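Quick note on labels: first sequence line is chain A, next is B, and so on, each numbered from 1. None of the values given here were measured: they were computed from a predicted structure.
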Protein chains: 2
Amino acid sequence: MLGARCLLRALRSCSTAPCPRHRPFARLSVRDALGSQNASGERVKVQGWVRSVRSQKEVLFLHVNDGSSLESLQVVADSNFDNRELTFGSSVEVLGQLVQSPSKRQNVELKAEKIEVIGNCDAKAFPIKYKEKHPLEYMRQYPHLRCRTNALGSILRVRSEATAAIHSFFKNSGFVHIHTPIITSNDCEGAGELFQVEPSSKIKLPEENFFNVPAFLTVSGQLHLEVMSGAFTQVFTFGPTFRAENSQSRRHLAEFYMVEAEISFVESLQDLMQIMEGLFKTTTMTVLSNCPEDVELCHKFIAPGYKDRLEHMLKNNFLIISYTEAIEILQRASQNFTFTPEWGVDLQTEHEKYLVKHCGDIPVFVINYPLALKPFYMRDNEDGPQHTVAAVDLLVPGVGELFGGSLREERYHFLKQQLARSGLTEAYQWYLDLRRFGSVPHGGFGMGFERYLQCILGVENIKDVIPFPRFTHSCLL
Amino acid sequence: MLGARCLLRALRSCSTAPCPRHRPFARLSVRDALGSQNASGERVKVQGWVRSVRSQKEVLFLHVNDGSSLESLQVVADSNFDNRELTFGSSVEVLGQLVQSPSKRQNVELKAEKIEVIGNCDAKAFPIKYKEKHPLEYMRQYPHLRCRTNALGSILRVRSEATAAIHSFFKNSGFVHIHTPIITSNDCEGAGELFQVEPSSKIKLPEENFFNVPAFLTVSGQLHLEVMSGAFTQVFTFGPTFRAENSQSRRHLAEFYMVEAEISFVESLQDLMQIMEGLFKTTTMTVLSNCPEDVELCHKFIAPGYKDRLEHMLKNNFLIISYTEAIEILQRASQNFTFTPEWGVDLQTEHEKYLVKHCGDIPVFVINYPLALKPFYMRDNEDGPQHTVAAVDLLVPGVGELFGGSLREERYHFLKQQLARSGLTEAYQWYLDLRRFGSVPHGGFGMGFERYLQCILGVENIKDVIPFPRFTHSCLL
C-alpha cells in the first residue's frame, strides 16, 4: 500500500527522537539560560521580547524576556549593534556566548554575536510604557497585552503552577479525574442565577430546544461527581463554573474555576477537612517551591506584608468551630455589624471577616449549618431543636469563604423526603437511584480556584488572577 | 485574639501530617491491596461494591471492586457470612487479613473476619445484571450508572490517565497552562455553529445582553492562546469547546474537549508536527504503562485487533504529504468516491480514510491547504498559481482528522488584508494589535481529546469516551 513517494517522506518525517541537525547554536529559554551552572562560553540562541535597552559609549545592554521566568536575561553587545528598531517591546533573536556575569545582579549573561529584531514595537501606541509601573486596574483595559507586564506574568505563571500542583495532589492521592459536563439540564440546585444555552441561530426561533430540554451552564460538578464516586470511590474535577449574577464585587465572576472532589466511604467531616487542608497546604508549598520569584513579586509589590500572613496560615493547623459557636462569638463581639448575627441566618462577609480575625488570621472551618439554610443533598445531623446538616465552609483571611463542602445524604428515605419537600422528586430520580444501588456514606467539597490564588498571592481583585475575566457588562475578546 | 476554646480545637484540629490513631485495620484501596508484595496476614479494611458472590458449602467467595482498578479483590469467608443482602451491586466493608492466594488467578486475597453490607442493591431494578455483558449502546441510557461497568470504568480511568499525561507532557516541555475563556464575544471565527449564552431569567426579555455584547460558547481557545504566546512563548490549554451542530455522527459532540498549544518563534510546520507527534506518542506510552489492564480490556472486548494497530502507529514515524499530493493520490485511486476529489475542495471523510489506508495505516500529516479553504489567521505561503497556507491536519486510522494546526499570519499587512477581505477588521483590532507590538512567527494546533481516546482505545462511538455526552436532542442529567 505504501508508495515509494510516501516511504521517502517517512524517512525524512518528523520523529520524537532527537535528530542530529547541524545546529551551531542551541536554542535556550531564558529560564534555562539563567539556570545554567558554570556558563563558559556555550554558543546559544535566545529569543524573546526586549524589556530594557541601555546604550553606553562602547557597550549595549539589553534585557530579554520570553515569559519562561520573571527574570530577564542580560545581553551584552558591542554598541554598534544598537539600532532604531531595538526598542522596548520589540521581539529579538540573539546569538551569542553564555558567560558568567561580572555583575552581582545575575549569574550569567549573553555576549551577543548577532542581534536580530524580529518584530518592531510601535512605542507610541503600545499601552505598556518603559519603566512605568502600571496599576492592575489600568492594565485590565488591555486583556490582550497585560500578560506582558511583570505582575500579570507572575500571576499567570503561578496560576499554571497551581493548576499542575492540584492535578498532582489528587493523582498522588489515588483520585480519578472526571470532566463533569459544562452544559447541563439540572436547573434547580439553587446555587444561584443560571446562564441558559441555545444555538445562536435559534435565539430568534425559540420554539424548540436544541437538546429537547432547557440547557444551562453548570454551577457545580458536584452531582455528576457523586455519580462517579459511586464507581471510582475518589474523584475530582477542575473546570469552569458559571453564575449569571449582577455583581461587581472583587470576589465574584460570571465565569470562574472550581476544584471539586467527592469521596465515597467518608463518614465524618473530619476526614473531609483533612483533605481540604491537605489540598491547600500541599498545593501552596509546591507553588512556593516552583516559582518563588513570582510569588515574591506579588508579596512585594502587590500585597506588602502578605508573605508573613501566608506563612502563618501554612504553619498552623486550621481551626474548627461550629456554626452555633460562630454565632455565639459574633453575638459576644464588641463590633457593630450591619447584619445582626442570629442563629438560622447566613453568615455575611462582615461576619466571616470577624471570625477569621478572631481566630488569629488562621483559616477556620465552620461546620454544622442550619438545615433550613442548605440545599437538599446535605446530610441531616438529626439533632435538635436547632436542626443542622453536616456542612463545612472554610474561611480564610482576606477572601472569606474559600471552600464549601458537606457530607451528602446517602440514606434513601431521608433524601426522598428532602426532594419531596423541595418539589424536586421527579427531576432527581437519577440522583435518588444512586441511593438504591449500593449507596455509601460520602462527602465532598469545592474550592474556588481564583479565590485560592487571591488568598495565596494577596491580589485584591479577582479579575486580576484569571486570564480573561467575564462579569456583568464585560466580555472583552 | 485566639480564645481558649479555639485553641483547644486547634490542638485537635486536622493536620496534613499523619496522626497516630488507634487503627487496628489499615484502610486499603483494592488497587493497593492487589499490589501488595508478600502479603502475610496484614489486617486491612477494604471498601467497595460486590461484583460477584459465589457461595460454596463451607466457603464464600466475593469479588469487591472500588474503581481504583479494573481487577477486583477476592474475599474468602466462612460460608456463614453469607446473607440475603450480600448481592451483586451492594456496597460492603470487609475487615480481614491480606494473604497470598493459593489460586493462580490472583496474587493476594482477603481472608474475611467481618463483612458488613453498607448499602443494598435492588437487583431487580438495577439495570446492570450480574454476569451479563451489556452493549455500550444499551448502557448509554443510564449515564448515572454505566461507570460501574467494566468497560466504562476502564475507559474513564484511561481518560483520567491521559489527562494527567497531557498536562505532564506540556509541563515537562516548559509550556505555561492557560485557562482560555469559555464564554467569548468572538463570533466570527467560522469554526461552526455557535451556542449563545444569556441569563436564564433574561431569555424572556432579550432587549439587553448580560455582557453588553452577544456572548457565545467558545469553539476554540486559539486566538486567546495567541495572546498568551506573545508573553510566555509556549502555552497550552485543555478545556471544553462547543458546536451547535445538528449531527448524530459517531465522531461529533456538542460539547467536547480540546488540547490546544501555541508556540512563538516557530517558523516551520516541521517544528509543529514534531510537537504534535511527540504529544501523541508520549501521552499514549504513558497511558499504556500506567493502566495496561484498562487498555487491554478495550483492545480485547471492544475493539479486537486494535492492539497491533496502535503499536504500528507508535513504532512508525508519522508520514507527511501535501494537500496537493493528497488530491493526486485520490485522483489516481481505483476506488469510486461519492465526492470527486478536486484541488480546492475540502477532503471528505471517505478521502481521509483512503489516504490513511494508502499510507499503510500510519498517521499522516497533510500540509499546505488551499488558502481559500482556510480561516483568515493562517499563514500565506505566497505560492501560486495554486495558492496555499501553512496549515496541517493529522489523519489517523479509524478516526480521520485528529489534529488541526497551522502557522499563524504574523505579518501585520498580510493579516490586515485578510481581515479586510473577510470583513472582520473592526472586530479583530486586538488581534491585529498582537502584530504591532513585537510580533513573532508562531504557530499552534488543537487535538480533539475524545477522538484521541477513540483512536488509542478503538472505541467506535465518541459518546462512550466522555462521562456525560451532549449532542442534538440529548442532555441527560
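The shortest heavy-atom contact between A:Trp49 and B:Thr233 is CZ3-OG1, 3.6 Å. Considering every non-hydrogen atom in both A:Ser439 and B:Ser91, the closest pair reads O-OG, 2.8 Å. Residues A:Gly48 and B:Phe265 share a closest heavy-atom pair of N-CZ, 3.4 Å. Across all their heavy atoms, A:His177 and B:Ser160 have their closest contact at N-OG, 2.8 Å. Across every non-hydrogen atom of A:Phe232 and B:Leu156, the tightest pair is CZ-CB, 3.8 Å. What you find for A:Cys475 and B:Ser185 is that their closest heavy atoms are O-OG, 2.8 Å.
With chain A as the partner, the residue from B:Ala125, B:Ala254, B:Ser29 showing the most heavy-atom pairs under 4.5 Å is B:Ala125. For the set A:Gly153, A:Ala164, A:Gly239, the count of heavy-atom pairs under 4.5 angstrom toward chain B peaks at A:Gly153. Chosen from A:Gly230, A:Gly89, A:Ser229, the residue pairing most often with chain B at heavy-atom distances under 4.5 Å is A:Gly230. Options B:Tyr431, B:Tyr412, B:Trp430, B:Tyr142 differ in how many heavy-atom pairs under 4.5 Å they form with chain A, and the most are formed by B:Trp430. Comparing A:Leu434, A:Asn246, A:Val213 by how many heavy-atom pairs each has under 4.5 Å with chain B, the most go to A:Leu434. Most heavy-atom pairs under 4.5 Å with chain B, from the set A:Phe175, A:Phe170, A:Phe471: that is A:Phe471. By number of non-hydrogen pairs under 4.5 angstrom with chain A, the leading residue of B:Pro441, B:Cys147, B:Ser90 is B:Cys147. Most heavy-atom pairs under 4.5 Å with chain A, from the set B:Val235, B:Thr87, B:Asp122: that is B:Asp122. Of the listed residues B:Asp66, B:Val30, B:Ile118, the one with more heavy-atom pairs under 4.5 angstrom with chain A than any other is B:Asp66.
Remark: A:Arg148 engages no residue in a salt bridge (charged side-chain N to carboxylate O under 4.0 Å, His left out) (not counting sequence neighbours).
For A:Asn120, the part lying under 4.5 angstrom from a heavy atom of chain B is the backbone only. Looking at B:Glu161, the atoms closer than 4.5 Å to chain A (heavy atoms on both sides) all sit in the side chain, from C-beta outward. Interface residue A:Val92: only backbone heavy atoms are found under 4.5 Å from chain B. Only the backbone of B:Thr180 comes within less than 4.5 Å of a heavy atom in chain A; its side chain stays farther off. Within the 4.5 angstrom heavy-atom criterion, only backbone atoms of B:Leu476 (N, CA, C, O) approach chain A. Both the backbone and the side chain of B:Pro181 come within contact range of chain A, each with at least one heavy atom under 4.5 Å from a heavy atom of that chain. In this structure, chain B has a heavy atom under 4.5 Å from the side chain of A:Tyr257, while its backbone stays farther away. Neither the backbone nor the side chain of A:Ala123 has a heavy atom closer than 4.5 Å to any heavy atom of chain B.
Using a 30° and 60° split on the angle between ring planes, A:Phe195 and B:Phe211 fall in the parallel class, below 30°. Taking the six-membered ring where tryptophan is involved, the planes of B:Phe449 and A:His179 are perpendicular, since the angle between them exceeds 60° and thus also 30°.
At a threshold of 4.5 Å between non-hydrogen side-chain atoms, the residues A:Phe468 and B:Thr184 do not count as touching. Contact of the A:Val440 side chain with the B:Gln47 side chain is not registered, since no non-hydrogen atoms from C-beta on lie closer than 4.5 Å. Looking at heavy atoms from C-beta onward, A:Leu477 lies in side-chain contact with B:His224 at the 4.5 angstrom threshold. With a 4.5 Å cut-off on side-chain heavy atoms, A:Val227 and B:Pro143 do not count as touching.
Remark: B:His167 NE2 to A:Phe238 CZ distance equals 8.5 Å, nearest 0.5 Å. Expressed to the nearest 0.5 Å, how far CZ of B:Phe126 lies from CZ of A:Arg436 amounts to 10.5 Å. Expressed to the nearest 0.5 Å, how far OG1 of B:Thr472 lies from CG of A:Asn212 amounts to 9.0 Å. Here B:Met228 contributes atom CE and A:Leu152 contributes atom CG; the two are 7.5 Å apart, rounded to the nearest 0.5 Å. Between A:Arg157 atom CZ and B:Ile178 atom CD1 the span is 10.0 Å, to the nearest 0.5 Å.
By the 6.0 Å contact criterion, CZ on A:Arg411 is enclosed, its count of non-hydrogen atoms from other residues, nucleotides or ligands being greater than 12.
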Query raised in the report: Taking it one step at a time, do B:Phe242 and A:Ile183 satisfy side chain to side chain contact (heavy atoms under 4.5 Å, CB included)?
Result: CA-CA 10 Å; B:Phe242 305 85; A:Ile183 301 176; 3.8 Å; yes

